[in-house]
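Just below is one structure, and these are the notes that go with it.
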Amino acid sequence: MKYTISYRIKFYLCPRNQHPKQCFIIRIKAHKDQMVLQEKLTTHIKKATSDIYGVSPESVEFQATRKEFEGDITVVVFPMLKVIKGNPVQIGESIGTYLTEKVDEVSGYNVVKGFLNLVLSDSYFLEFFSNISNFSSYGIESTGTEAMMVEYASPNTNKPLHLGHMRNILLGYSVAEILKAAGKKVYKTQIINDRGIHICKSMLAWKRYGNGETPDSSGIKGDKLVGNYYVKFDKVYKEEIEELKSQGKPEEEAKATAPSLMEAQEMLRKWEAGDPDTVGLWKTMNGWVYDGFDKTYTSMGVDFDSYYYESDTYLLGKDNIEEGLAKGVFYRKEDGSVWCDLTEEGLDEKIVLRSDGTAVYMTQDIGTAIQRVKDHPDINGMIYTVGNEQEYHFKVLFLILKKLGFSWAKNLYHLSYGMVDLPSGKMKSREGTVVDADDLIEEMSKTAKDISEELGKIEEFSEDEKKELYHTIGMGALKYYILKVDPRKGILFNPKESVDFQGNTGPFIQYTYARIQSILRKATSLDEGSFENISLHPKEKELLKQLMIFPETIQAAASNYSPALIANYTYDLVKEFNSFYQNVTILGAESPSEKNFRVQLSNAVAEVIKSAFSMLGINVPERM
RNA sequence: GGCCCCGUAGUUCAAUGGAUAGAAUAAGAGUUUCCUAAACUUUAGAUGCAGGUUCGAUUCCUGCCGGGGCUACCA
């Protein structure tokens, strides 16, 4: 049987960076109760129009009733005009009358222009509420067999993580959690760019100027320490270029022949040849970096199921190129280089193997993707969390993998996001304008501390508890701030004023959770009696409606790869709850059953907040 | 030049082709004998421009203007 679609959301999914022709339609799984209701309404509406007008529409469009009108669900009459000739208001009236008579759940209606607003009975809402036994798992699907791999973070090992990485990490982690909640099996991974000229630069500078300095000896975090030597190299290198230029060499030549660079390149050759000293130092210094990264990841509350290192994967892909040549996916030019012709797809030709037989970045990515599926045979798709400057690269990569005939290649997605810029412009590590991740986390914590101390609500906390709370709130503010924005949009980050703790913010939502916990602590003896006969306050009804759409919001966030949908949903829920809280007494309710209901309702809201926030990687405090 | 993304209150963000474009913040006015005022209530304020499709366009199409990105035998 066909019926369209869900309570509020009809999603046509079209990933932003894919051609419209590749768009596909996803049907959102609405909550069972809603589906049953809409199916029921649709059947009756068809029957009604068929009885009255002799024809019925193929489908019926529903949407949430706007706040300023009375009603809970709205039937849009306009689309029916295609098959039913007549005045939309009259059609609405006749359907409304019919539904009120025939359908138990519909207790009234009104028609505004072409919108038929249906009022649903309190018992319908109460039944929905009673049927959910456990709000902590409400809306969350059990894990299916289809596995997705989500790649995120993927840093270079020559510098510490900064705000740009943080957006990547928060996005990737959150999308992975959302997919899990939507019923996917998920592998989180990253690819670490641990080899190449950049790390040799740090190694060289450390050898020359380091005097054996280590993270232990200096107390400097490993990634920072290595980063410092990368900067040191750059400084020396620039001096050498100036020196050469002053000797009359052209800039190009100076850049290419500066002694430090030549030496770093020599080091890279030694590394590739497996020179024990070079490889040893490389391992040591990368080890420092990983220790540093791990601290930052832990502090951010993110994790990975596996790691891929470029030092292991950079030779992958060549075999696949050979296979592709045999299949005719690629072709060889006269000079021996291998290419893929993508002109039919509206793109260019793309090189996949140099004329000297060495790999390019694309070669490696092809090989790594294939390797990942070998490592995890249940993978049926992959998500790459990478900035939007690499859109072209991934478009090409996905096309090539499709051409090579892999079944999973149709489920590849580039989770592309906009750059984080500062008021002064782009972040540039060499110009020292980057916002360092660790510093930012520290600063957020500090702000949370200042505000908490000013409010003075947690004086009985131990020092450890306070510290943990400041971190929870500070990270809540930062993560929410970044995740509530549509991923593809750029973020302008003003370190001085950007992250707020009031209004549409993480702490506001955390605060609401803490407030509810306070109520629950006080509501000690609850009678477990039913609340079937209570009549709902308008604010209660609004809350129930918002709770109803949580399951489909999770699905929508998953199909759109958008944590922003979860963030916005949670904010709406919380805003609604605070209004309820301020206008309706919970513990002071007149009857025990009303009190019981309101406490249960508050608890449900808290559980959904917790669950939604966990998908954003944000913790919630019991008190604040 | 070609291709892609983005232009919504002063600012930061919303809005499945649907109703009078929602919030937050900044500005103005209120609310604590009462469950945590990081809150609530309330007043003002916006779709870059020009066409088109549609009963209906912030949303889809075309052109223009403005911002960003990509366009290497680099990663």
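Reckoned from all heavy atoms, side chains included, excluding hydrogens, waters and symmetry mates. Residue numbers begin at 1 in each chain, while the letters A, B, ... track the order of the sequences.
- Look at the P atom in both A24(B) and A14(B): the space between them is 16 Å, to the nearest Å.
- Of the candidates Asn388(A), Asn168(A), Asp486(A), Asn168(A) is the only one forming a side chain to side chain donor-acceptor pair (under 3.5 Å) with Tyr417(A).
- Here C35(B) is the nucleotide among G18(B), C35(B), A75(B) with the atom lying nearest to any side-chain atom of Ser518(A).
- Side-chain contact between Gln265(A) and Ile197(A) is present, with heavy atoms from C-beta onward closer than 4.5 Å.
- G1(B) is paired with U71(B) under the criterion used here, namely a Watson-Crick or G-U wobble arrangement in which both key atom distances are under 3.5 Å.
- Of the side-chain N and O atoms in Lys350(A), none sit less than 4.0 angstrom from OP1 or OP2 of A72(B).
- Figure legend. U20(B) is base-paired to no nucleotide; pairs are counted as Watson-Crick or G-U wobble with both atom distances under 3.5 Å.
- When each of A19(B), U12(B), C35(B) is scored by its nearest atom to the side-chain atoms of Leu492(A), the top-ranked nucleotide is U12(B).
- Taking atom C1' on both U58(B) and G18(B), the two are 13 Å apart, rounded to the nearest angstrom.
- In terms of phosphate contacts, Lys489(A) brings a side-chain nitrogen or oxygen within less than 4.0 Å of OP1 or OP2 of A14(B).
- Across every non-hydrogen atom of Arg515(A) and Gln582(A), the tightest pair is NH2-NE2, 3.9 Å.
- In this structure, A15(B) forms no base pair with any nucleotide, since neither Watson-Crick nor G-U wobble geometry is met with both distances under 3.5 Å.
- Residue-nucleotide stacking is present for Phe69(A) and A19(B), judged by a side-chain ring centre under 5.5 Å from the six-membered base ring centre and planes under 30° apart.
- Within the structure, every side-chain polar atom (N or O) of Lys484(A) is placed at least 4.0 Å from both OP1 and OP2 of A24(B).
- The minimum heavy-atom distance linking Asn158(A) with Ser202(A) is given by the pair CB-OG, 4.0 Å.
- Which of G18(B), A75(B), C40(B) sits closest to the side chain of Phe115(A) comes down to G18(B).
- Among the heavy atoms of the strands lying under 4.0 Å from Lys426(A) are primed sugar atoms or P, OP1, OP2 only; no base atom is included.
- Of the candidate nucleotides U36(B), A24(B), C55(B), C55(B) has the atom lying nearest to any side-chain atom of Phe78(A).
- Rounding to whole angstrom units, CD1 of residue Ile549(A) and P of U16(B) are separated by 12 Å.
- Spacing between G2(B) and U8(B) at atom C1', rounded to whole Å, works out to 30 Å.
- The base-pairing partner of A39(B), taking Watson-Crick or G-U wobble contacts with both distances under 3.5 Å, is U31(B).
- By the criterion of a centre-to-centre distance under 5.5 Å and near-parallel planes under 30°, the ring of Tyr581(A) forms no stack with the base of A39(B).
- Taking the centre of each ring, Phe461(A) and Tyr470(A) stay at or above the 6.0 Å mark.
- Between Ile519(A) atom CD1 and U36(B) atom C1' the separation is 9 Å, expressed in whole Å.
- Using N1 to N3 plus N6-O4 or O6-N4 for Watson-Crick, or N1-O2 and O6-N3 for G-U wobble, each under 3.5 Å, C60(B) pairs with G52(B).
- Remark: C1' of G69(B) and CG of Asp421(A) are 11 Å apart, rounded to the nearest angstrom.
- Distances were taken from every side-chain heavy atom of Gln63(A) (C-beta onward) to each of A15(B), G18(B), C40(B); the shortest belongs to G18(B).
- Looking at heavy-atom distances under 4.0 Å, Ile516(A) makes no contact with the nucleic acid at all.
- Under 3.5 Å, the side chain of Ser579(A) and the base of A39(B) form no donor-acceptor pair of N or O atoms.
- Look at the C1' atom in both A57(B) and A15(B): the space between them is 13 Å, to the nearest Å.
- G22(B) atom C1' lies 11 Å from atom CG of Asn568(A), rounded to whole Å.
- With distances taken from any side-chain atom of Lys522(A) to the nucleotides A75(B), C35(B), U71(B), the minimum falls on C35(B).
- A cation-pi geometry, defined here as NZ or CZ lying under 6.0 Å from the six-membered ring centre and within 45° of its normal, holds between Arg195(A) and Tyr314(A).
- Considering only side-chain N and O atoms, Lys67(A) lies nowhere under 4.0 angstrom from the phosphate OP1 or OP2 of U20(B).
- Taking 4.0 angstrom as the limit, Arg515(A) places a side-chain polar atom (N or O) nearer than this to OP1 or OP2 of A37(B).
- For C40(B), one of the phosphate oxygens OP1 or OP2 lies less than 4.0 angstrom from a side-chain nitrogen or oxygen of Lys575(A).
- Checked against U71(B), A75(B), G69(B), the side chain of Asn388(A) finds its nearest nucleotide in G69(B).
- Tyr361(A) places its OH atom 6 Å from the C1' atom of A75(B), with the value rounded to the nearest Å.
- Contact annotation for Ala564(A): no contact, since no heavy-atom pair falls under 4.0 Å across all strands.
- Between Tyr417(A) atom OH and G69(B) atom P there is a gap of 15 Å when expressed in whole angstrom units.
- U59(B) and U53(B) have their P atoms separated by 15 Å, with the value rounded to a whole Å.
- We find that the ring of Tyr571(A) and the base of A23(B) do not stack by the test of centres under 5.5 angstrom and planes tilted less than 30°.
- If you take atom P in A46(B) and the same atom in A21(B), they sit 11 Å apart, rounded to whole Å.
- Taking the C1' atom of each, G51(B) and G69(B) are spaced 28 Å apart, rounded to whole Å.
- By the 4.5 Å heavy-atom criterion applied to side chains, Val574(A) and Ile609(A) are counted as neighbours.
- At a threshold of 4.0 angstrom between heavy atoms, the contacts of Ser452(A) include nucleobase atoms, whether or not backbone atoms are also involved.
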Self-check item: side-chain hydrogen bond (donor to acceptor under 3.5 Å, both in side chains) between Tyr331(A) and Glu349(A), worked out
Solution: CA-CA 10 Å; Tyr331(A) 65 94; Glu349(A) 297 178 322; 2.6 Å; yes

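- Taking the side chain as every heavy atom from C-beta outward, Phe613(A) and Thr570(A) approach each other to under 4.5 Å.
- Remark: the backbone N or O of Gly418(A) is paired with a side-chain donor or acceptor of Arg167(A) at under 3.5 angstrom.
- Note on Val584(A): a base of the nucleic acid sits closer than 4.0 angstrom, heavy atoms only.
- For Val76(A), the listed nucleotide lying nearest its side chain is G18(B); candidates were G18(B), C40(B), A75(B).
- U32(B) takes the syn form, because its glycosidic angle lies no more than 90° either side of 0.
- The CD atom of Glu460(A) sits 11 Å away from the C1' atom of U36(B) (whole-angstrom rounding).
- Nucleotides G63(B) and U25(B) have their C1' atoms positioned 36 Å apart, rounded to a whole Å.
- For C35(B), the OP1/OP2 oxygens have no side-chain nitrogen or oxygen of Thr585(A) closer than 4.0 Å.
- Asp365(A) comes within contact range of no nucleotide atom at all, as no heavy-atom separation falls under 4.0 Å.
- Taking a pair to require two hydrogen-bonding distances under 3.5 Å in either a Watson-Crick or a G-U wobble arrangement, U25(B) pairs with G10(B).
- Remark: P of C40(B) and NZ of Lys539(A) are 10 Å apart, rounded to the nearest angstrom.
- Side-chain N/O atoms of Arg66(A) include one lying less than 4.0 angstrom from OP1 or OP2 on G22(B).
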